[in-house]
Peer 1: 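Below is one structure. I have some questions about it.
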Amino acid sequence: MERQFQQWIISDLGPDAKKAGISEKTLQAAFKGIALNWSLPDLAPPGFPPAKERKQTQAEFSSPGPYFNEDRLKKLAATGRGFASQYASTLKRIEKTYGVPGSIVLAIWGRETGFGAAKIPNSAIEVLATKAFMSTRKEMFRVELIAALHILDGGDVTPAGFRSSWAGALGQPQFMPTSYLKYAVDFDGDGHRNIWTSVPDTLASIANYLVKKGWQRNRDWGFEVTIPAAISCAQEGPDIAQPLSHWASLGINRKSGKGFPSGEMKAAGMMLVPAGRDGPEFIVTPNFYIIKEYNNSDLYALYIGNLADRIAYGSGAFQGAWGDVGKMLRSDVAAMQKALERQGYDVGGSDGLPGYKTRRSIGQWQEKNGMQPTCFPDASMKGKLK
């Protein structure tokens with residue numbers, strides 16, 4: 001297999017890379033000493049039967065509560081406040097240049113690699129080449145490998161310093177190579193976009209990523225709120241935006257007791273109820289969905305928002321408790337989704353995971369059938385929703 005791999009580098013990948021403008025010198029340096037990394041997940045070696053797709057539908061989707069581990073968040077926030085002070089002038093310059101709050105940038109840095117403390121042990125070329133040669137997503141990794149060779153060709157980093165996670169994500173912000181080429185910046189002025197050892201380059205690159213994805217300057221990420229019982233929870237989603245003044249006029253108030261910032265009142269906000277009525281409730285801004293561009297998960301974006309608030313204001317955990325949710329099998333939730341689809345609801349696909357379209361559809365179905373909407377799947381619906 002190793003011989004096949006080396007042959008593939010010379011006769012298949014090499015010509016492609018040269019066509020893409022990669023120099024022979026870079027190719028030789030990049031692949032010196034590179035061998036297949038058999039410890040990586042999702043490998044599909046040529047000549048072996050294809051890996052069976054593991055069905056996830058029988059697994060429980062887990063309760064959101066444990067994701068927000070309080071001890072971990074407290075530690076990250078304390079470390080983050082230290083870095084906010086240490087890099088105050090850099091963060092001020094980042095805020096001025098990009099319009100992204102320093103606390104948001106720090107929170108992403110903290111969540112991704114523990115503020116750069118996480119070990120990033122792998123050779124990026126070895127990971128990407130192994131996966132481009134024999135993984136379940138060969139084409140995607142081939143594109144990333146060519147992008148990685150462009151990075152080496154540009155001279156921003158040496159092959160020895162070109163480190164990635166087991167998934168091929170680079171450096172302290174954990175950018176895939178194609179993202180690095182689009183969003184990494186040289187903020188310390190040394191002529192290199194160095195997201196491995198330069199903190200200013202790392203922080204500014206995260207801010208640049210968010211701005212290029214559409215971050216709105218002078219806006220928050222969102223607010224924890226109380227939604228009165230008389231207000232339907234089936235109004236959530238990025239596609240149902242209303243001015244914050246509208247939500248406030250319905251009696252939706254911040255949990256903190258403070259009013260919404262006056263500068264936000266005419267701007268768009270969206271309801272978010274990640275555990276339906278059985279968890280914290282939010283009004284989020286479009287910036288929440290920009291954080292999701294970094295990692296497409298409501299919980300990830302809430303984690304970043306909460307950690308950023310802790311760093312900026314010394315605040316604590318969300319006040320709303322995460323209820324006893326998330327114990328159903330994904331196959332049961334998928335069956336509910338299919339039943340709702342048959343009734344004409346848009347649940348966003350029957351994958352067994354209750355995203356906002358599924359939560360909203362459940363709430364609408366509950367309302368239509370004379371129930372108090374909870375906007376979250378629970379076992380009592382199984383018999384009724386067929």
Peer 1: By side-chain hydrogen bond (donor to acceptor under 3.5 Å, both in side chains), which residues pair with Trp8, not counting sequence neighbours?
Peer 2: Asp12
Peer 1: Tell me, with the steps shown, if Phe83 and Trp109 meet ring-ring contact (aromatic ring centres under 6.0 Å, His included).
Peer 2: CA-CA 11 Å; Phe83 281 122; Trp109 184 35; 5.0 Å; yes
Peer 1: For the backbone of Ser232 and the side chain of Gln235, can you confirm whether one donor and one acceptor N or O come within less than 3.5 Å of each other?
Peer 2: yes
Peer 1: Which residues pass the side-chain hydrogen bond (donor to acceptor under 3.5 Å, both in side chains) test with Thr358, not counting sequence neighbours?
Peer 2: Gln337
Peer 1: Could you state whether Phe223 and Phe318 fall into the same hydrophobic cluster, counting links through intermediate Ile, Leu, Val, Met, Phe, Trp or Tyr residues with side-chain heavy atoms under 4.5 angstrom apart?
Peer 2: no
Peer 1: So which pairs with a foot in residues 98-122 pass salt bridge (charged side-chain N to carboxylate O under 4.0 Å, His left out), sequence neighbours left out?
Peer 2: none
Peer 1: Suppose the criterion is ring-ring contact (aromatic ring centres under 6.0 Å, His included): which pairs have a residue in residues 137-162, not counting sequence neighbours?
Peer 2: Phe162-Trp196
Peer 1: Determine, step by step, whether Glu281 and Arg359 satisfy the salt bridge (charged side-chain N to carboxylate O under 4.0 Å, His left out) criterion, reporting the C-alpha distance in whole Å, the side-chain angles of both residues, the deciding distance to 0.1 Å, and the verdict.
Peer 2: CA-CA 13 Å; Glu281 301 164 334; Arg359 299 192 296 259; over 6 Å; no
Peer 1: With no hydrogens and no angle check, do the side chains of Thr374 and Gln366 hold a donor and an acceptor under 3.5 Å apart?
Peer 2: yes
Peer 1: Rounded to the nearest 0.5 Å, what separation is found between the CD atom of Glu95 and the CG atom of Leu203?
Peer 2: 11.0 Å
Peer 1: Should Phe282 and Phe68 be counted in the same cluster of Ile, Leu, Val, Met, Phe, Trp and Tyr side chains packed under 4.5 Å apart?
Peer 2: yes
Peer 1: Sorted by first residue and then second, give each salt bridge (charged side-chain N to carboxylate O under 4.0 Å, His left out) pair with at least one member in residues 180-209; sequence neighbours left out.
Peer 2: Asp156-Arg193
Peer 1: Is it the case that one hydrophobic cluster holds both Phe31 and Val143, taking links as side-chain heavy atoms less than 4.5 Å apart, direct or via other members?
Peer 2: no
Peer 1: Are the side chain of Asn287 and the backbone N or O of Gln216 linked by a donor-acceptor pair below 3.5 Å?
Peer 2: yes
Peer 1: Taking side-chain hydrogen bond (donor to acceptor under 3.5 Å, both in side chains) as the test, write out the residues that go with Lys255, two or more places apart.
Peer 2: none
